[in-house]
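Everything on this sheet refers to the single structure shown next.
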Amino acid sequence: MEEKKQGLLGTYKCLALFVVMMVVAILIVVVKPMITGEKKYTGVGNSSIGGEVKVEVRIAKGEITAVHVLSHQETEGIGTNAIDVIPGAIVKRQNIDVDVVAGATYTSQAICEAVADAMTQAGLTPAEIPQPETQAPVESGEFGALSAGTYTAAAQGFHGEVTLTITVDDTGVITEAVIDAPDETPELGGAAAAKMQEAILANQGKDIDVVSGATYTGNAVLTALNDCLTQASGSGGSASLGEGTAYTASAQGFHGQVTVTVTIDDAGTITGVQIDAPDETPELGGAAAEKLTGVILEAQSAEIDIVSGASMTSNAVIAALKDCLAQAGK
């Protein structure tokens, strides 16, 4: 009987504690705002990577007391890095003039844009949307100064073609980079593409690292980037494919036909190479085809070495290339 009483007493204590906690929660949610004058405002910003970012901003007596991101579609581990940092920084600064998070520039700006929207509703004056440090035009390395325009190139990723489009303004600065990798695995290749897209803008095309765990996608982006920069600097690449005559030939690879198209100008220079090996294994034959594109442009002949581990694909490329050169009388 005594044990039963003790048990009931324990139950009552737990219930009492629960009631107290609920009362405290209600006081915090309902009474505190009434006392402090805290109000909630919802703001919306837009990221060119993930889309709409919605935030809740709490303001009391003209001060920002809290910032919460309510919804977003940013990439986990990339854009979400900004979500972890920017709200707290805004509360600390009491405005949106905070540093953007490296590698998550667009998400950082979208959060600040949303908070600025909420601040305006509350009658506060937001600072300007933060921008990353002004980038210098690409002028060093193997590429010269870039010409204004939009440039597109593609390369083979792990599962399919990866396309990159960059936009260069009148000062030679890359102002936009869009990577389209529809066939890559979203959590690996897709995430890598998003991260490298940010890196291209932040580093202006220089010193871009391949994302760990997504080597093929990363290498495809780099290959396409080099092609775009080559076009923009006026030193060849896909922009020269129309400056001459194109010749096409095919040969049998390991799994299927390998097609090579070369463009040769009036001076007899190979100005463009495109290798299509859709049936070859991506990590062997596909990688070999991608590598041989640059080798052919450099060698300016079919006297090139086969890629180790992909002999049949390499021999097919060489055979098709010799056919193309024979057509051109070269």
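We count residues from 1, following the sequence as given. None of the values given here were measured: they were computed from a predicted structure.
Rounding to the nearest 0.5 angstrom, the gap separating the OG1 atom in T259 from the CD1 atom in I275 is 10.5 Å. How far CG of D117 is from OH of Y41: 12.5 Å, rounded to the nearest 0.5 Å. We find the CG-CD1 distance between L225 and I166 to be 6.5 Å, quoted to the nearest 0.5 Å. Interatomic distance, Q252 CD to Q257 CD, rounded to the nearest 0.5 Å: 5.0 Å. Note that the CG atom of L222 and the CD1 atom of I200 stand 7.5 Å from one another [nearest 0.5 Å]. One finds the CG atom of L124 at 4.5 Å from the CD1 atom of I59 (value rounded to the nearest 0.5 Å).
Contact between Q94 and E63 at its shortest, heavy atoms only, is OE1-CA, 3.3 Å. Closest approach of G43 to Q121, counting heavy atoms only: CA-NE2, 4.3 Å. In this structure, T293 and V273 approach most closely via the heavy-atom pair CG2-O, 3.6 Å. Taking every heavy atom of both residues into account, S301 and L321 meet most closely at O-CD2, 3.6 Å. Of all heavy-atom pairs spanning C228 and A153, the tightest one is SG-N, 3.6 Å. Residues L325 and A302 share a closest heavy-atom pair of CD1-N, 3.9 Å.
Within the 3.5 Å criterion, the main-chain N or O of I179 finds a donor-acceptor partner in the side chain of Q197. The closest donor-acceptor contact from the side chain of Q109 to the backbone of P130 lies under 3.5 Å. Judged by distance alone, with hydrogens and angles left aside, the side-chain atoms of T167 form no donor-acceptor pair with the main-chain N or O of T175 at under 3.5 Å. The backbone N or O of I270 sits less than 3.5 Å from a side-chain atom of Q300, completing a donor-acceptor pair.
A 4.5 Å side-chain heavy-atom check between E176 and T150 finds every atom pair outside the cut-off. The side-chain heavy atoms of I96 and M119, taken from C-beta on, include a pair separated by under 4.5 Å. Counting heavy atoms from C-beta on, the side chains of V115 and I86 never come closer than 4.5 Å. Using a 4.5 Å cut-off on side-chain heavy atoms (C-beta onward), R58 and K39 make no contact. Inter-residue side-chain proximity for T313 and V307 is flagged as unmet; no heavy-atom pair is nearer than 4.5 Å. When side chains are defined from C-beta on, N95 counts as touching P126, because their heavy atoms get closer than 4.5 Å. For the pair V295 and D305, the minimum side-chain heavy-atom distance is 4.5 Å or more.
The hydrophobic cluster containing V69 also contains V91, counting ILVMFWY residues as joined when their side-chain heavy atoms lie under 4.5 angstrom apart, directly or transitively. Linking ILVMFWY residues whenever their side-chain heavy atoms come closer than 4.5 Å, directly or via other members, leaves L201 and V178 in distinct clusters. The hydrophobic clustering, which links ILVMFWY residues whose side-chain heavy atoms are closer than 4.5 Å, places I111 and I129 together. Linking Ile, Leu, Val, Met, Phe, Trp and Tyr residues whenever their side-chain heavy atoms come within less than 4.5 Å places I264 and I304 in a single cluster. There is a path of hydrophobic side-chain contacts, each under 4.5 Å, that joins V258 to L297.
More than 12 heavy atoms of other residues, nucleotides or ligands sit less than 6.0 Å from atom CG of D169.
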